Amino acid sequence: MSKLYNHKEVEQKWQKVWDDEKAFAASNDYSKPKFYALVEFPYPSGQGLHVGHPRPYTALDIVARKRRMQGYNVLYPMGWDAFGLPTENFAIKNHIHPKIVTKNNVEKFKGQLHSLGYSFDWDREINTTDPNYYKWTQWIFLKLFKAGLAYKKEMPINWCTSCKVGLANEEVVNGVCERCGSEVVRKVKSEWMLKITEYADKLIDGLDGVDYIERVKVSQKNWIGRSTGAEVDFNVAGTDDVLTVYTTRCDTLFGATYMVVSPEHPYLDKYKDRIKNFADIEKYREEAAKKSDFERSELAKDKTGVEIDGLKAINPVNGKEIPIWVSDYVLMSYGTGAIMAVPAHDDRDWEFAKKFDLPIIQVVAKDGEEVDVNAAAFTDVATGVLINSDFLNGLSVNDAKAKMIEFLNEKKIGHAKVNYKLRDWVFSRQRYWGEPIPIVECPKCGFVPIDESELPLLLPEVESYEPTDNGESPLAAMTDWVNTTCPCCGGPAKRETDTMPQWAGSSWYFLRYTDPTNENALASKEALKYWLPVDWYNGGMEHTTLHLLYSRFWHKFLYDQGVVPTTEPYQKRTSHGMILGENGEKMSKSRGNVVNPDDIVEDYGADTLRTYEMFIGAFDLAASWSEDGVKGCRRFLERVWKLQEILVDGDEYSDDLKGEMHRTIKKVSFDFENLKYNTAIAAMMSLINDFYKKNAVNKAEYKTLLTLLNPVAPHITEELWQIIGGEGRLYQQTWPEFDEALTVESTVEIAVQVNGKVRATISIGKDDPKDAVLAKAKEAIADKFSGNIVKEIYVPGKIVNIVMK
RNA sequence: GCGGAAGUGUCGGAAUUGGCAGACGAGCAAGACUAAGGAUCUUGUGAUGGCUACAUCGUGAGGGUUCAAGUCCCUUCUUCCGCACCA
């Protein structure tokens with residue numbers, strides 16, 4: 001009898017061995033083939049690790065461990081994205097320095113990750129709050145500033161009433177703050193902005209060259225929202241001014257029957273003397289201003305608006321005078337804040353025209369046939385042909401667009417124009433626990449970057465971390481820190497007191513792992529050249545339009561600056577599904593369905609938790625937790641353990657299991673690389689079931705099984721390797737090879753169908769000729785003949801189908 | 001509304017190119033070993049009817065293509081996620 005499987009003893013033992021042996025340190029030998037696996041580094045919150053964390057971490061740990069066994073120099077690093085609001089809020093509440101809070105949380109997280117046996121290279125651990133790290137975050141900011149991509153702007157921002165901080169559009173979810181859930185209002189503030197819009201095209205086009213799962217690419221493209229159209233100038237009757245609109249359908253210009261401007265449009269004030277009903281418009285504006293963006297879109301269904309009395313526009317293609325309306329369905333923040341309305345061919349304009357009884361003129365017909373535009377707008381581009389449009393008549397929509405743009409250029413009343421939904425990135429936070437922005441404001445010289453030699457610009461010690469009531473950062477109260485001299489003229493000047501958002505440190509962290517202690521650069525050229533791009537990056541879908549887009553932007557900028565050698569940071573991006581509670585709902589304290597990974601490690605072991613999280617279901621789909629499922633995986637590992645009892649000698653696979661061994665190696669190898677961890681584990685379960693059926697496993701078979709299982713359950717397999725006298729360490733072994741020829745069975749059971757229904761099965765050799773197989777098949781179904789055979793189908797090695805009539 | 005994903009036993013989920021639907025796990029049932037079993041082992045387990053080695057039905061619903069459809073095509077319903085008046 002073998003001794004019992006004691007997961008605690010086994011796991012502690014091997015975790016210590018791996019630490020002592022520095023088993024998973026990435027080598028600086030740049031001549032070896034490399035593999036850089038990356039998972040999103042966690043925010044070390046006070047709650048500790050969630051059971052959701054181990055899912056992606058285990059998945060890439062499996063790949064990393066497998067690749068090491070295949071001879072790659074693997075970099076699989078971990079660190080801490082430790083700036084952030086929860087830490088600061090905790091610090092405020094408990095009067096503990098966020099530095100201390102962070103240190104404690106990191107310790108806890110690290111202990112938890114360690115207990116799960118991940119093969120992270122802990123020598124490369126990084127922390128975004130470490131001055132030696134944020135020195136380079138600030139350095140990148142200075143580069144951006146010097147390149148004109150960081151600028152300060154007075155603008156209405158999303159202001160979280162509870163966090164007292166400005167938020168990026170991406171951080172406002174359903175009208176509330178993504179982090180705290182409080183109401184978000186508009187507030188005008190002077191904020192640092194990053195010109196991510198400058199990289200909009202590169203961010204879209206770069207997606208063609210990378211291997212991201214499709215939904216990530218689609219989301220990013222939609223988020224950037226590139227649209228190609230035209231800007232057209234409409235004369236404002238009786239003035240020298242033009243009202244410029246943006247349209248993607250300049251082909252429909254002859255159908256424009258009115259215009260609409262946004263309530264914030266500057267012309268309203270400019271021409272207030274000419275507008276007879278200015279009081280009405282003023283009232284409408286006030287109502288619109290009261291609504292948040294969220295409410296405005298919530299009320300989307302019902303169009304509202306006011307006609308401007310006293311201001312008309314001239315349609316530049318036919319000289320007709322048309323009315324101008326004000327409505328909040330036109331946004332100041334997109335395009336020009338004004339549109340031409342073509343109710344016959346745009347759903348929103350159609351609704352508006354119906355409500356206010358405005359004329360609808362058809363200028364596009366379906367395949368040349370007029371349609372009833374009084375019933376609904378006709379918006380199909382593919383079948384549209386222009387009518388009632390002078391020189392465009394008879395052209396397809398696309399041809400008409402081209403011709404119209406030619407016309408606009410010629411007459412100098414418009415031009416082609418690309419627009420984006422993407423907005424510039426609000427980069428200021430009025431908070432303490434973030435990277436100080438290394439800029440000085442001088443009354444003479446304006447905004448001046450501090451000298452690179454002064455980096456890092458350290459976060460000063462303050463008395464209180466509370467944001468000030470006027471919305472300024474706690475740093476603003478530190479007068480002796482704020483008051484400084486201008487690096488440019490030497491005169492008195494003030495430091496910027498806003499800090500960077502949490503996304504700053506995470507936008508480049510994968511670069512630092514390649515050379516984490518470098519004091520002269522964010523990483524050496526050699527290290528970057530060798531390790532980049534990240535070969536495989538896994539992370540949450542929720543970061544698709546935030547972190548993932550931001551870090552691609554910074555990386556592309558750094559490439560343009562000659563800092564990094566690749567245009568894209570990540571070659572491959574995958575995403576995992578969420579782990580839900582037993583009841584199928586999201587885990588949360590209030591629902592009482594939270595599972596603590598520590599408890600699972602304690603009761604069942606890290607190997608069981610790892611195996612279970614990989615077995616739980618398709619990696620990219622959400623899955624519900626099940627304690628019974630955990631038990632099943634523990635049972636599987638117990639059965640692997642107890643194979644010792646039926647172990648026999650043998651240096652080669654036994655004949656009866658040879659095929660299955662090779663098939664299992666093939667399947668596991670393939671599945672580990674293709675996010676199919678659940679079926680890989682199922683294959684190994686099947687294999688051991690067969691060992692038990694046979695009541696024997698030989699040493700060669702056992703060793704292969706242990707090697708295949710090692711990436712999933714590293715501790716128990718390493719222990720068993722030692723028990724059965726395997727050489728060296730299991731983690732140092734070579735990944736098993738399979739022989740394709742041996743994965744194919746020489747005899748196979750195939751089904752014989754009659755008219756598509758299975759009526760018998762026969763056993764055939766894989767190379768048996770068609771005639772022989774068909775003869776055998778017919779024999780097997782001899783008693784089922786009914787009529788004449790009209791067709792005989794044999795798919796080699798798969799199936800026979802006899803069609804009778 | 002637009003975009004994406006998904007609908008398969010009691011449950012989680014399998015099923016390279018269309019080729020024996022339900023792998024693997026859980027649950028349940030019966031049996032074995034037991035003082036005991038919430039341990040372990042064995043067997044069974046889609047539904048319906050004969051109730052043994054047999055047939056029919058069966059992958060959200062309805063059509064279609066095919067010798068053959070969970071898989072391909074059309075129509076439609078439901079759920080989840082993301083975006084949301086982007087001109």
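Chain letters run A, B, ... following the sequence lines, proteins first, then strands; residues in each count from 1. Computed from a prediction, not measured in an experiment: that's the story for all the values here.
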Could you pull out all residues at least two apart from A:Arg639 that satisfy salt bridge (charged side-chain N to carboxylate O under 4.0 Å, His left out)?
none
What is the nucleic acid contact for A:Lys757, judged by heavy atoms within less than 4.0 Å: base, sugar-phosphate only, or nothing?
sugar-phosphate
Taking the side chain of A:Val795 as its heavy atoms from C-beta onward, which of B:G19, B:G12, B:G27 lies nearest to it?
B:G19
Base, sugar-phosphate alone, or nothing: which one does A:Ser227 contact when heavy atoms must sit under 4.0 Å apart?
sugar-phosphate
Rounded off to whole Å, could you give me the NZ-to-C1' distance for the A:Lys770 and B:G19 pair?
15 Å
OP1 or OP2 of B:A14 sitting under 4.0 Å from any side-chain N/O of A:Asn678?
yes
Quick check on B:C41: is either OP1 or OP2 less than 4.0 Å from any side-chain nitrogen or oxygen of A:Tyr692?
no
By the 4.0 Å heavy-atom rule, please label A:Ala618 as base, sugar-phosphate, or nothing.
sugar-phosphate
Under 3.5 Å, is there a donor-acceptor pair between the side chain of A:Tyr284 and the main chain of A:Asp328?
yes
For B:A47, which nucleotide is its Watson-Crick or G-U wobble mate, given both distances must be under 3.5 Å?
B:U56
For salt bridge (charged side-chain N to carboxylate O under 4.0 Å, His left out), just list the numbers for A:Arg634 and A:Glu638, CA-CA rounded to whole Å, side-chain angles, deciding distance to a tenth of an Å, and then say yes or no.
CA-CA 6 Å; A:Arg634 167 72 190 206; A:Glu638 298 263 10; 2.9 Å; yes
Tell which nucleotide pairs with B:U78, taking only Watson-Crick or G-U wobble pairs whose two distances are both under 3.5 angstrom.
B:A6
Does A:Arg215 put a side-chain nitrogen or oxygen below 4.0 Å from OP1 or OP2 of B:G3?
no
Provide, to the nearest angstrom, the distance between the CE atom belonging to A:Met541 and the P atom belonging to B:A6.
13 Å
Between the side chain of A:Arg249 and the main-chain N/O of A:Val342, is any donor-acceptor distance below 3.5 Å?
no
A:Lys303 NZ to B:A87 C1', in whole Å, measures 11 Å
Between A:Arg639 and B:C41, does any side-chain N or O lie under 4.0 Å from OP1 or OP2?
yes
Can you check whether A:Tyr258 and A:Phe356 have ring centres sitting under 6.0 Å from each other?
no
Answer with base, sugar-phosphate or nothing: what part of the nucleic acid does A:Gly225 contact at a heavy-atom distance below 4.0 Å?
nothing
Regarding the side chain of A:Thr679, the nearest nucleotide among B:U40, B:A15, B:A87 is B:A15
Examine B:C20: is either OP1 or OP2 under 4.0 Å from a nitrogen or oxygen in the side chain of A:Arg759? Give yes or no.
no
Report the nucleotide, chosen from B:U17, B:C24, B:C85, that has the shortest atom-to-atom distance to any side-chain atom of A:Lys798.
B:U17
Under 4.0 Å between any heavy atoms, over every strand shown, what does A:Val758 touch: base, sugar-phosphate, or nothing? Just pick one.
sugar-phosphate
Under a 3.5 Å cut-off for both distances, is B:A68 Watson-Crick or wobble paired, and to whom?
none
Rounding to a whole Å, what distance do you find between A:Asn801:CG and B:G19:P?
14 Å
Roughly how many Å is it from NZ in A:Lys676 to P in B:C24, rounded to a whole number?
16 Å
